[in-house]
Structure formats: structure tokens, C-alpha cells
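Below, read A as the first sequence line, B as the second, and so on, with proteins coming before strands; counting in each chain starts at 1.
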There are 2 protein chains.
Amino acid sequence: MLIGMQDEDNAVAPSGAVNAGMLGGMLSVALRRAQAAVNDDLVARFTATGVRPGHFGILEVLKHNPGLRQGHLSDALGVKRTNLVPLLDMLEARGLIERQAVAGDRRVTALFLTDGGAALLAQLQTMARAHEALLAARLGPDGRAQLLDLLARLTTPMAGG
Amino acid sequence: MLIGMQDEDNAVAPSGAVNAGMLGGMLSVALRRAQAAVNDDLVARFTATGVRPGHFGILEVLKHNPGLRQGHLSDALGVKRTNLVPLLDMLEARGLIERQAVAGDRRVTALFLTDGGAALLAQLQTMARAHEALLAARLGPDGRAQLLDLLARLTTPMAGG
DNA sequence: TATTGTTATACTCTATAACTATA
DNA sequence: TATAGTTATAGAGTATAACAATA
């Protein structure tokens, strides 16, 4: 049993269920649980490929931006460049991407999908689309667009208060 | 710069920005980013107390369910009982909760908030309410309720497909 | 035998500091 | 000096297996 109650004040332990206090009404809690459930579904669909959602994101971005620098890929995905390295190492070791030196600036590495990478990506896209279709079925026709809009409003950093 | 484009097909690297392909339309991506931003805000508000959102959740549930067993707390929070132990150890070491033996079944530990724990919880609740108020301001009057409803539809496990 | 809390362990994601080679 | 990629490391969250005490 997970959190499901939204009452704010109830100082005594209830009969069968547990009173979660204000947690049931907190977006932080609801977001964490929904994100975990959604991510678990996507991970399960990807398992046979030996690839995680993070790897899929890399392949997807590289398909649309061949020759992208690692730094720009890092910015686009919101993954620190230092954490991108082992992900790229794995994809390169499996022959799904290539790192190529750049003529003008020898510090830079340009990233490309291999044919094998493009082939695997096509499979992953099909899985991801089925995944999204399941979510859309749960949310209803307008629910998915509404949810994307609401989530976007929360995504920018919240410095000022 | 983070992902922000929703176009599906564009095979060439764009001028300034990066084409994120289908990632921009994926709920999995939007959820991860929103959850991270929201969680970062809550963590920042809690920092001065030396407590994390997970600790707050424990204190909040114990306030409403004094004497709760560890196993039931684990179920209520969705945290494995094995991962609850170090969190409870920290809270007990700081004198915020107490573990008490139970008469009928000596395997069981009952958990209680101390006075200090209740005092800290009151502060954390105020911080959490301010946090939620900021989110509500971003989402609009109905947005928050809509979001909670949409997230709840995604939270149940998605076994069947 | 089964259950409760615990320990040990491992994997993923994330974050910072420091190194290299280039510029 | 500064930048791009890398290495090493550490923290937090989550997962399983196995143990001791108790039922």
C-alpha cells in the first residue's frame, strides 16, 4: 500500500490504512512516484536491448544532430559531461556510435550514429512510442498535452521564490 | 540549454540549438526534469535543517501515526524496509524519533516522534507549504489539482501494456 | 517455517575536483 | 589562461541476499 490520503490533520493512527498527512497532497511526492512508475515501464521495454533510457536519449539526439560535440550533447540532455563519458564508452564499445576527431579544433570530439546504432534506435523508438501510447491511454486524449504543459511550468529553476 | 523541441524528423544538425527529436514530446523526459527541479527546490529549503525530503516524509507520517511499525512505515512511504534503517538511525541519533519495543511481539519496533522531532516537523511543514505555494503559483489555480490527478493516473504499475 | 529488523552489497544517477591535451 | 574530454571519487536513491531474534 502506498500513500493515498490527503487529510491534513488526524493525530491518531487509523484503523487499517496509514495516514500520510500532507504528503498525499504534495506534488513532490506525486512527481517522484509517477516518474518512477513511468521510468520503470520504459526500462522494462528496453531491457532486451541492453540499453537504458539515457542511452536511448543519446542515440535519439545524435540521429537528429550528426557530428554533435560531446559538450553540446551534454547540454541538450542535461547530463553533466563527466557523466556522459561512460554512457558514450558503452555505446561506442557496442559499435552503436563513433567518436571522430574534428579538423579545426583537436580538443573536440564529434559524435555519429553508426548503421548499427541507427538500426537499434529504430527499435527503441518503436518501444518508446508504444510506451507513450500506454501513457496517453491512461491520461485520455487531452490529458497528455495538459500534463506536458503543466510539467514544463515546473521545469525552470526556482531560485527567487 | 535543455531539451525544448518537439519536431520528430529533422536529419541535419540545426544552426544554434539542438534538435532533441522525440525526446521533447516524451512524458518520461518531462517527468524526470520536472521532478528534479521540484525536488531541488524542496532540498534547498530543507538544507538549513540538515534533513532531506525522505526524512521529512518519515516525520510527517509518524506524526499522524504514532507507534507505527517500521514495516508499515516502509509500505506507506514506498521505501524498502532495508533502506529505511539508515534514515531512521539518523533521525534517532538526532533525537527526533524513538524506537520502542512492543509488548505482544518482540520482533516489532514501534516508532514515535519526540518533542524535538515534532518541533522540527513544524518547521519543515512550513517550508513544505511555502514550496507547494510556489508550485501552485506556477501552475495556476486549477493547474495543481489537474496535475495531481494526471500524475495519479500514471502511478499504478503498468504490467499488462 | 515465516516474519521483523538489520547488515552487507551493488547498481544507477548525480555532483565536484583535478588531470591531459589542446587552444 | 581557458576549453574539451577524461578520470577519480563521493553522495543519494534503490535493489537483492542473508543473518539474528522472535513468532
Side-chain angles (χ1 to χ4, degrees), chain A residues 2 28-29 31-40 42-44 46-47 50-58 67-93 97-111 157, chain B residues 2 28-29 31-40 42-44 46-47 50-58 67-93 97-111 157:
Chain A
L2 288 174
S28 178
V29 175
L31 278 167
R32 179 181 302 272
R33 289 173 53 203
Q35 197 275 328
V38 168
N39 191 63
D40 285 353
L42 191 59
V43 167
F46 283 174
T47 35
V51 144
R52 311 260 318 164
H55 301 112
F56 165 66
I58 293 173
L68 194 66
R69 296 175 172 203
Q70 283 187 211
H72 294 168
L73 177 62
S74 166
D75 291 342
L77 293 172
V79 175
K80 294 235 176 310
R81 70 188 198 278
T82 175
N83 294 327
L84 210 52
V85 175
L87 299 175
L88 295 173
D89 287 347
M90 186 272 246
L91 293 174
E92 192 179 32
I97 66 167
E98 282 180 6
R99 284 191 247 226
Q100 294 185 10
V102 164
D105 189 336
R106 293 174 54 197
R107 294 172 301 184
V108 175
T109 315
L111 300 171
Chain B
L2 288 174
S28 177
V29 175
L31 277 167
R32 179 181 301 272
R33 289 173 54 204
Q35 197 276 327
V38 167
N39 192 63
D40 285 353
L42 191 59
V43 167
F46 284 173
T47 36
V51 144
R52 311 260 318 165
H55 301 110
F56 165 67
I58 293 173
L68 193 65
R69 297 176 172 203
Q70 284 188 208
H72 293 170
L73 178 61
S74 166
D75 291 341
L77 293 172
V79 174
K80 294 236 176 312
R81 69 188 197 278
T82 175
N83 295 327
L84 210 54
V85 174
L87 297 175
L88 295 173
D89 287 347
M90 186 273 247
L91 293 174
E92 191 178 33
I97 66 166
E98 281 181 7
R99 284 191 246 226
Q100 293 186 11
V102 165
D105 189 337
R106 292 174 56 196
R107 295 171 300 181
V108 175
T109 316
L111 300 171

Task: Close side-chain approach of B:Q70 to B:L111, heavy-atom, < 4.5 Å - done: yes

Task: Nearest-nucleotide comparison on DNA chain D, the residue closer to the 5′ end among A:D40 and B:R106 - done: A:D40

Open item on the list: I need the CD-P distance between B:Q100 and C:dG5, as an integer number of Å.
Closed with: 14 Å

TODO: Grab the CE-P distance between A:M90 and C:dC11 for me, whole Å please.
DONE: 14 Å

Open item on the list: If you define the side chain from C-beta out and look only at heavy atoms, does anything of A:R69 sit under 4.5 Å from A:T109?
Closed with: no

- [ ] Determine whether B:I58 and B:V79 make a side-chain contact, defined as any pair of heavy atoms from C-beta on separated by less than 4.5 Å.
- [x] no

- [ ] In whole angstrom, give the distance that lies between atom CG of A:N39 and atom P of C:dC11.
- [x] 18 Å

Open item on the list: Could you tell me if the side chain of A:L31 sits less than 4.5 Å from the side chain of A:Q35, heavy atoms only?
Closed with: no

Task: Residue pairs involving residues 80-89 of chain A (criterion salt bridge (Lys or Arg N to Asp or Glu O under 4.0 Å); sequence neighbours excluded) - done: A:D89-A:R99

Open item on the list: Walk along nucleotides 5-14 of chain D from 5' to 3' and tag each nucleotide B, S or - by protein heavy-atom contact under 4.0 Å, base first, then sugar-phosphate.
Closed with: BBBB---SSB

Task: Rounded interatomic separation in angstrom, taking CZ from B:R33 and P from C:dC13 - done: 17 Å

- [ ] Could you tell me whether a side-chain N or O of B:S28 sits under 3.5 Å from a main-chain N or O of A:N39, the two making a donor and an acceptor?
- [x] no

